[in-house]
**Student:** 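Got a structure for you, questions after.
These values consider heavy atoms only, across backbone and side chains, with no hydrogens, waters or symmetry-generated copies. In what follows, chains are A, B, ... by sequence order, proteins preceding strands, each numbered from 1.
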Amino acid sequence: MIEWSENQIHAFRKTLLDWYDVNGRQLPWRQDHEPYHVWISEIMLQQTQVNTVIPYYQRFMTEFPTVSDLAAAPEAKLMKAWEGLGYYSRARNLQKAAKQIVNERGGQWPKTVEGLQELAGIGPYTAGAIASIAFNEPVPAVDGNAFRVFARLLEIDLDIAKPQARPIFEKIIERIMSPDRPGDFNQAIMDLGSSYMTAKNPDSAHSPVKAFNQAYIDGVEMQYPVKSKKPKPVKVSYYGIVIRQNDQFLMQKRPSEGLLANFWTFPLIAEDDVLALSKTPELVTDEERLNLLEQLIRQEYGLHLRLVPMGAKPVKHTFTHRQWIISLLSAEVAPDADLSFFPGKWLSTQELNTIALPKVQEKLMQRLVNTK
DNA sequence: AAGCCGTGGTA
DNA sequence: TTACCAAGGCT
């Protein structure tokens, strides 16, 4: 890596901010520096693209205009507002933090990076963003953009996937950033990172800071940032059981922790659990498989079902670390069936249109429409 | 430290 | 299709 002189640092600040003053993006959350606005946008933007966030942010501000409104909101309404954004613990933490501010702090925001990180869902990046943008504190906001931009500018060889890299980048950026305009500096770095200095197809030849971009100058831009790879999603096969009576589906609520916590889906049964009932799982035929599945449902839920496979191909849905492969089967259940052992309830199509559903459930329901 | 936690877009 | 990315935080 290289180091800049004081003169270079001053020149970089001026070049960056001059560019930002003219070319900075106009975004809904940049109309003012209200901590509430900065906060909501920063949480939504975690691992999520700007274009995806914009409509969510606008609806959110209409429904929950202030931190008090958010603190007092029914959780179902909040989840409906977040539906489709993913990483749903962000929404739950959002309300936790809103309650912290309203109930424990008399509506007062913590105004320092340290204080902000005491709020649920606010880590080092988001705390730096809020502190610098809303409270003008000269602290870096090191997100993926900042890692990438500074790794290239200075040819920093640290693996940005490793936690130790963060404090080192923070120290480097602290020295470089504009002490009088910290919020604008941090946002300018993000705009740079999402325009000229993107991960895949950067356009450094036209970048306002190309003269400062050592990796570009040396023709090794694509070697930065150094980032170790993550493991592939693990494939998991399920049977999705569609039990319909007139206008209702028998739905199952997911556990309160873990993937898609508390969301409603069709009952999902892991193929592994079904095959575990066989002494020779590798020899199970399709017909036996169906029998084993019906047996498991009898044992676990006390439901006597006759299952009929639906459609040809299973529904696939990929999360960050899992790929679900779901084979749909339909069944009828007797009107007087005992549902006391079944961990779920009947939901009408009306209700299903009202509550928040995860994308994978919507895919399953879509498949239902297509195979009818 | 490394795995968990969603979704949509792009090459 | 696969692979990887996009303004991370929590455990």
**Student:** Considering only the C1' atoms, how many Å lie between C:dA6 and B:dC5, rounded to the nearest integer?
**Tutor:**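 Comparing C1' positions in C:dA6 and B:dC5 gives a spacing of 15 Å.
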**Student:** Would you sort out whether A:Lys229 and A:Asp159 count as a salt bridge (Lys or Arg N to Asp or Glu O under 4.0 Å), showing the intermediate values?
**Tutor:** CA-CA 10 Å; A:Lys229 289 177 185 170; A:Asp159 183 348; over 6 Å; no
**Student:** Taking atom P in both C:dC4 and B:dG3, what distance in whole Å separates the two?
**Tutor:**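 That atom pair is separated by 15 Å.
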**Student:** Please report the distance, rounded to the nearest Å, between CD1 in A:Ile54 and C1' in B:dT7.
**Tutor:**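 Checked: the CD1 to C1' distance equals 17 Å.
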**Student:** Using OP1 and OP2 only, check whether a side-chain N or O of A:His317 sits under 4.0 Å from B:dG6.
**Tutor:**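 The answer is no; no side-chain N or O of A:His317 sits under 4.0 Å from OP1 or OP2.
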**Student:** Out of B:dG6, C:dT2, B:dA2, which has the shortest distance to the side chain of A:Pro163?
**Tutor:**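 Looking only at heavy atoms from C-beta outward on A:Pro163, the closest nucleotide is B:dA2.
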**Student:** Describe the nucleic acid contact of A:Trp29 in one word from base, sugar-phosphate, nothing, applying a heavy-atom distance below 4.0 Å.
**Tutor:**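 The residue A:Trp29 makes base contact.
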**Student:** How close or far is atom C1' of C:dT11 from atom CD1 of A:Ile122, stated in whole angstroms?
**Tutor:**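 A:Ile122 atom CD1 is separated from C:dT11 atom C1' by 18 Å.
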**Student:** Is A:Arg59 close enough and on-axis enough to A:Tyr56, meaning under 6.0 Å and within 45°, for cation-pi?
**Tutor:**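 Output yes; distance and angle both within limits.
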**Student:** Answer with base, sugar-phosphate or nothing: what part of the nucleic acid does A:Thr52 contact at a heavy-atom distance below 4.0 Å?
**Tutor:**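 No contact.
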**Student:** For the pair made of CD1 in A:Ile43 and P in C:dC10, what is the distance, rounded to whole Å?
**Tutor:**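 Roughly 8 Å, once rounded to whole Å.
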**Student:** Does the ring centre of A:Phe185 sit less than 6.0 Å away from the ring centre of A:Tyr20?
**Tutor:**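 Ring centres of A:Phe185 and A:Tyr20 not closer than 6.0 Å.
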**Student:** Please report the distance, rounded to the nearest Å, between CZ in A:Phe319 and C1' in B:dG8.
**Tutor:**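 My rounded result for the distance is 14 Å.
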**Student:** Just N and O in the side chain of A:Gln47: are any of them under 4.0 Å from OP1 or OP2 of C:dA6?
**Tutor:**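 False: A:Gln47 side-chain N/O out of range (4.0 Å or more) of C:dA6 OP1/OP2.
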**Student:** Examine A:Tyr57 together with A:Trp29 and report whether their ring centres are nearer than 6.0 Å.
**Tutor:**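 Ring centroids of A:Tyr57 and A:Trp29 are less than 6.0 Å from each other.
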**Student:** Can you tell me, in whole Å, how much space there is between the P of B:dT10 and that of C:dA7?
**Tutor:**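 These two P atoms come out 15 Å apart once rounded.
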**Student:** Are OP1 or OP2 of C:dG9 and a side-chain N or O of A:Thr126 less than 4.0 angstrom apart?
**Tutor:**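 Yes, within the criterion.
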**Student:** Under 3.5 Å, is there any donor-acceptor pair linking the side chain of A:Arg166 to the base of B:dA1?
**Tutor:**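 When only heavy-atom distances are counted, A:Arg166 does not reach the base of B:dA1 through any donor-acceptor pair under 3.5 Å.
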**Student:** NA contact type, A:Leu27, heavy-atom cut-off 4.0 Å: base, sugar-phosphate, or nothing?
**Tutor:**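 Answer is base: heavy atoms of A:Leu27 come under 4.0 Å of a base.
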**Student:** Just the rounded figure in Å: distance from P of B:dA11 to CE of A:Met222.
**Tutor:**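 Taking CE of A:Met222 and P of B:dA11, I get 12 Å after rounding.
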**Student:** Report yes if a side-chain nitrogen or oxygen of A:Arg148 is closer than 4.0 Å to either non-bridging phosphate oxygen (OP1 or OP2) of C:dA7; otherwise report no.
**Tutor:**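 Answer yes for this pair, as a side-chain N or O of A:Arg148 is under 4.0 Å from OP1 or OP2.
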**Student:** What is the distance, rounded to the nearest whole Å, between atom CG of A:Leu357 and atom P of B:dG6?
**Tutor:**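 One finds 14 Å between P of B:dG6 and CG of A:Leu357, rounded.
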**Student:** Measuring only the C1' atom in each nucleotide, how far is C:dC10 from B:dA1? A whole number of Å is fine.
**Tutor:**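 Those two atoms are separated by 13 Å.
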**Student:** Need to verify one output field. Residue with the more 5' nearest nucleotide on DNA chain B, A:Gln164 or A:Gln49?
**Tutor:**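 Result of the comparison: A:Gln164.
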**Student:** Checking contacts here: which listed nucleotide (C:dA7, B:dA2, B:dG6) is nearest the side-chain heavy atoms of A:Asn145?
**Tutor:**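 The listed nucleotide nearest to A:Asn145's side chain is C:dA7.
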**Student:** Indicate, with a heavy-atom threshold strictly under 4.0 Å, whether A:Ala199 touches base, sugar-phosphate, or nothing.
**Tutor:**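 A:Ala199: backbone/sugar contact only, no base atoms under 4.0 Å.
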**Student:** To the side chain of A:Lys232, which of B:dA2, C:dG8, C:dA3 is closest?
**Tutor:**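 So the nucleotide nearest the side chain must be C:dA3.
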**Student:** Contact class for A:Val53 vs. all strands (heavy atom < 4.0 Å): base, sugar-phosphate, or nothing?
**Tutor:**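 It contacts nothing in the nucleic acid.
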**Student:** Tell me which of A:Asn93 and A:Gly193 sits closer to the 5' end of DNA chain C, going by the nucleotide each one is nearest to.
**Tutor:**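 On the 5' side of the pair lies A:Gly193.
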**Student:** A:Arg90 has a side chain; which of C:dG8, B:dG3, B:dG6 sits nearest to it?
**Tutor:**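 Out of C:dG8, B:dG3, B:dG6, the nucleotide with an atom closest to A:Arg90's side chain is B:dG6.
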**Student:** Quick one: does A:Ser89 reach the base of C:dG9 with a side-chain donor-acceptor pair under 3.5 Å?
**Tutor:**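 Per atom types, no contact qualifies.
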**Student:** On a whole-Å scale, what distance lies between the P atoms belonging to C:dG9 and B:dG8?
**Tutor:**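 Result for the P pair: 22 Å, nearest Å.
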**Student:** Please work out if A:Arg254 contacts a base, only the sugar-phosphate, or nothing of the nucleic acid, heavy-atom cut-off 4.0 Å.
**Tutor:**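 If one applies the 4.0 Å heavy-atom cut-off, A:Arg254 turns out to touch nothing in the nucleic acid.
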**Student:** Hey, does the side chain of A:Lys359 come within less than 4.0 Å of B:dG8's phosphate (OP1/OP2), counting only N and O?
**Tutor:**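 For A:Lys359, the contact criterion (side-chain N or O under 4.0 Å from OP1 or OP2 of B:dG8) is met.
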**Student:** Nearest heavy atom decides the nucleotide; on that basis, is A:Ser41 or A:Gly121 closer to the 5' end of DNA chain C?
**Tutor:**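 Result of the comparison: A:Ser41.
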**Student:** Given C:dG8, B:dT7, C:dA7, identify the nucleotide with an atom nearest to the side chain of A:Gln46.
**Tutor:**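 Looking only at side-chain atoms, A:Gln46 lies closest to C:dG8.
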**Student:** For A:Glu288 and A:Thr285, work out which heavy atoms get closest and say how close.
**Tutor:**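 Closest approach of A:Glu288 to A:Thr285: OE1-N, 2.9 Å.
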**Student:** By nearest atom, which of the nucleotides B:dG6, C:dA7, B:dA11 is closest to the A:Tyr88 side chain?
**Tutor:**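 Closest nucleotide to the A:Tyr88 side chain: B:dG6.
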**Student:** Which residue lies toward the 5' end of DNA chain B, A:Arg92 or A:Lys200, if each is placed at its nearest nucleotide?
**Tutor:**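 The residue closer to the strand's 5' end, by nearest nucleotide, is A:Arg92.
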**Student:** Would you say a side-chain N or O of A:His321 is under 4.0 Å from OP1 or OP2 of B:dG3?
**Tutor:**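 Indeed not, no polar side-chain atom of A:His321 lies that close.
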**Student:** When the aromatic ring centroids of A:His317 and A:Phe319 are compared, is their separation below 6.0 Å?
**Tutor:**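 When the ring centroids of A:His317 and A:Phe319 are compared, they turn out to be within the sub-6.0 Å range.
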**Student:** From C-beta outward on A:Asn201, which listed nucleotide comes closest to its side chain: C:dG9, C:dA6, B:dA11?
**Tutor:**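 Among C:dG9, C:dA6, B:dA11, the one nearest the side chain of A:Asn201 is B:dA11.
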**Student:** Taking only side-chain N and O atoms of A:Arg322, does any of them lie within less than 4.0 angstrom of OP1 or OP2 on B:dC4?
**Tutor:**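 For B:dC4, OP1 or OP2 has a side-chain N or O of A:Arg322 closer than 4.0 Å.
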**Student:** Should A:Tyr87 be listed as having a side-chain N or O under 4.0 Å from OP1 or OP2 of C:dC10?
**Tutor:**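 For C:dC10, neither OP1 nor OP2 has a side-chain N or O of A:Tyr87 closer than 4.0 Å.
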**Student:** For this output row, return yes or no: ring centroids of A:Phe12 and A:Phe212 closer than 6.0 angstrom.
**Tutor:**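 Yes, the ring of A:Phe12 comes within the 6.0 Å limit of the ring of A:Phe212, centre to centre.
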**Student:** Any side-chain N or O of A:Lys227 below 4.0 angstrom from OP1/OP2 of C:dC4?
**Tutor:**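 No, A:Lys227 has no side-chain N/O under 4.0 Å of OP1/OP2 on C:dC4.
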**Student:** Is there a ring pair (Phe, Tyr, Trp, His ring centres under 6.0 Å) between A:Phe169 and A:Phe147? Walk through the geometry before answering.
**Tutor:** CA-CA 7 Å; A:Phe169 272 81; A:Phe147 274 126; 4.8 Å; yes
**Student:** Just how far, in rounded Å, is P of B:dG6 from CG of A:Asn262?
**Tutor:**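 These atoms are roughly 11 Å apart.
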**Student:** At what distance, to the nearest 0.5 angstrom, does CG of A:Asp143 lie from CD of A:Gln47?
**Tutor:**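 Reported to 0.5 Å precision, the distance equals 9.5 Å.
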**Student:** Counting side-chain heavy atoms from CB outward, which of B:dG6, B:dA11, C:dA7 is closest to A:Leu260?
**Tutor:**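 From the listed options, B:dG6 comes nearest.
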**Student:** Rounded to the nearest angstrom, tell me the gap between atom CD in A:Gln95 and atom C1' in C:dG9.
**Tutor:**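 It works out to 18 Å between those atoms.
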